[in-house]
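Input: a single structure, listed below in structure tokens.
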Amino acid sequence: VRKSRAVSGTVIVMDPKTGHILAHATAPTFDPNNTKNVTLDLMRNPSVQEVYEPGSTGKVMTLAAALEEKKITPTTVFTVPYALKRSDAVFRDHEPHPVQRLTSTGILAVSSNTGSIKIGEMLSNDTLHSYLSKFGIGKSTGSGLPGESAGIFHPVKSWSGTSAPTIAFGHGYSVTAMQATSVFATIANNGIRVNPTILAGLVDESGKFLAVNDSQSVKVLSEDTAKNLRKMMESVVSPSGTAPSAAISGYRVAGKTGTAERYNPICKCYSGYTASFIGFAPADQPRYVVSVTIQDPKGMH
């Protein structure tokens, strides 16, 4: 946060099988023993209280839905232009490029917005909405952290002509960092969503420890879809992907970068970015899901 002169940052480490939050940190922070000069704003926990549009990390849900509905395979080839007009808006990729032929895995690796829109268009609005809902978008995770937001996710009946293409590449709805981490944990956990929790258990008056094991699990994807998607997400950290620096020698790492335009409540406009990376390792049998979210970095985002 200091290095990028950002507003705030959040890191979450989660066990995808149990939902346990193993580590969690936000910056800037404060000393809870000395709150005299601490603003209410600083006391907020951005990991569950700050909502933002996820950007490209949201693309994994679009691809997951299309894979699960058997609309695509990892090697389905698409014709991907730099720009696409939909309704009254033109959507573009982040870098200008000639028309490309990319597989669905390639679309994920280079994080193509227009490619993701084309994949999203293979699904009805209701289907796309239902998958994002199953992933937990629009619902509080119940992590046990106070003041948790449910994010923002509008029902299909209030979508406009640009909603579906926008949602397909991770904009047009808002999440918390905890929700975004949970999405990747679901893919890591063979398609089963387990609610994140900071509570391992309770100790009663006699000092007896009682494990809390009330995490409801929801089947979002088949094991095959989750496995295919994990393999596809390994291409993101390959030399031709958007996050080669996230590769760890000797480990199979899978993940996704996200760069979203950031809504600024002060000017009621978009200014700056939310930069994030969410990944897990080992990719074939994930033990840890790690998310890093940096709000409004200056310079490199």
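Source: prediction; values computed, not measured.
With sequence neighbours left out, Asn34 forms a side chain to side chain contact (heavy atoms under 4.5 Å, CB included) with Asp31, Lys36. Considering only residues two or more places apart in sequence or on other chains, Arg2 meets the side chain to side chain contact (heavy atoms under 4.5 Å, CB included) condition with none of them. Remark: Thr166 pairs with no residue by the side chain to side chain donor-acceptor pair (under 3.5 Å) rule, at least two apart or across chains.
Annotation for Ile152: hydrophobic cluster partners, listed by chain and number, are Val51 (ILVMFWY side-chain heavy atoms under 4.5 Å, direct or chained).
For the ring pair (Phe, Tyr, Trp, His ring centres under 6.0 Å) condition, the pairs that include at least one residue of residues 169-212, sequence neighbours left out, are Phe91-Phe169, Phe153-Tyr173, Phe169-His171. Screening residues 172-192 for salt bridge (Lys or Arg N to Asp or Glu O under 4.0 Å), with sequence neighbours left out, gives no hits. Legend: salt bridge (Lys or Arg N to Asp or Glu O under 4.0 Å) pairs involving residues 287-301, not counting sequence neighbours, sorted by first then second residue: Asp296-Lys298. Sorted by first then second residue, the ring pair (Phe, Tyr, Trp, His ring centres under 6.0 Å) pairs that include residues 20-72, not counting sequence neighbours, number zero. Legend: ring pair (Phe, Tyr, Trp, His ring centres under 6.0 Å) pairs involving residues 275-301, not counting sequence neighbours, sorted by first then second residue: Tyr273-His301. The list of ring pair (Phe, Tyr, Trp, His ring centres under 6.0 Å) pairs with a residue in residues 230-272, not counting sequence neighbours, reads Tyr263-Tyr270. Within the structure, the salt bridge (Lys or Arg N to Asp or Glu O under 4.0 Å) test picks out the following pairs touching residues 259-273 (sequence neighbours left out): Glu50-Arg262. Residue pairs meeting the side-chain hydrogen bond (donor to acceptor under 3.5 Å, both in side chains) criterion with at least one member in residues 108-122, sequence neighbours excluded, are Ser56-Ser111, Lys59-Ser111, Lys59-Asn113, Arg86-Glu121, Asp93-Ser112, Asp93-Thr114, Ser111-Lys256, Ser112-Thr114.
Going from atom OG1 of Thr257 over to atom CG of Leu108 covers 8.5 Å, rounded to the nearest 0.5 Å. Distance check: Gln295 CD to Ser4 OG gives 10.5 Å after rounding to the nearest 0.5 Å. In this structure, Met300 CE and Ile294 CD1 are separated by 13.0 Å, a value rounded to the nearest 0.5 Å. Here the OG atom belonging to Ser104 is positioned 6.5 Å from the CG atom belonging to Leu67, to the nearest 0.5 angstrom. Distance check, rounded to the nearest 0.5 Å: OG1 of Thr76 to CG of Leu63 gives 10.0 Å. One finds the CG atom of Leu221 at 5.0 Å from the CD atom of Glu68 (value rounded to the nearest 0.5 Å).
The cluster map of Ile, Leu, Val, Met, Phe, Trp and Tyr, joined by side-chain heavy atoms under 4.5 Å apart, puts Met14 and Ile198 in the same cluster.
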### Message
Is there a side-chain hydrogen bond (donor to acceptor under 3.5 Å, both in side chains) between Asp204 and Ser206? Walk through the geometry before answering.
### Response
CA-CA 6 Å; Asp204 66 13; Ser206 63; 2.8 Å; yes

### Task
Step by step, work out the side-chain hydrogen bond (donor to acceptor under 3.5 Å, both in side chains) result for Ser174 and Glu53.
CA-CA 4 Å; Ser174 292; Glu53 293 180 59; 5.1 Å; no

### Query
Please walk me through it: do Ser47 and Asn45 pass side-chain hydrogen bond (donor to acceptor under 3.5 Å, both in side chains)?
CA-CA 6 Å; Ser47 77; Asn45 183 347; 3.0 Å; yes

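For Thr127 and Glu69, the side-chain atoms include no donor-acceptor pair closer than 3.5 Å. For the residue pair Ser124 / Asp126, no side-chain donor-acceptor distance below 3.5 Å is found, with atom types taken as modelled. Between the side chains of Arg230 and Asn228, not a single donor N or O lies within less than 3.5 Å of an accepting N or O.
Taking 4.5 Å as the limit, some side-chain heavy atom of Thr79 sits within range of a side-chain heavy atom of Arg101. Using a 4.5 Å cut-off on side-chain heavy atoms (C-beta onward), Asn125 and Ile167 make no contact. Annotation: side chain of Ser140 is not in contact with side chain of Thr176 (no heavy-atom distance under 4.5 Å). Proximity of Leu123 to Tyr131: side-chain heavy atoms (C-beta onward) are nowhere separated by under 4.5 Å. Between Arg252 and Glu234 the shortest side-chain heavy-atom distance falls below 4.5 Å. Contact annotation: the side chain of Thr10 approaches that of Ile12 to within less than 4.5 Å [non-hydrogen atoms, C-beta and beyond]. Counting heavy atoms from C-beta outward, Ser238 and Pro244 have side chains that stay 4.5 Å or more apart. Within the 4.5 Å cutoff, no side-chain heavy atoms of Lys231 are placed close to those of Pro74.
Around NE2 of His154, the count of heavy atoms belonging to other residues, nucleotides or ligands within 6.0 Å does not exceed 12. Heavy-atom contacts from other residues, nucleotides or ligands closer than 6.0 Å to NZ of Lys139 number more than 12.
Distance alone, capped at 3.5 Å, places no donor-acceptor pair between the Gln179 side chain and the Thr141 backbone.
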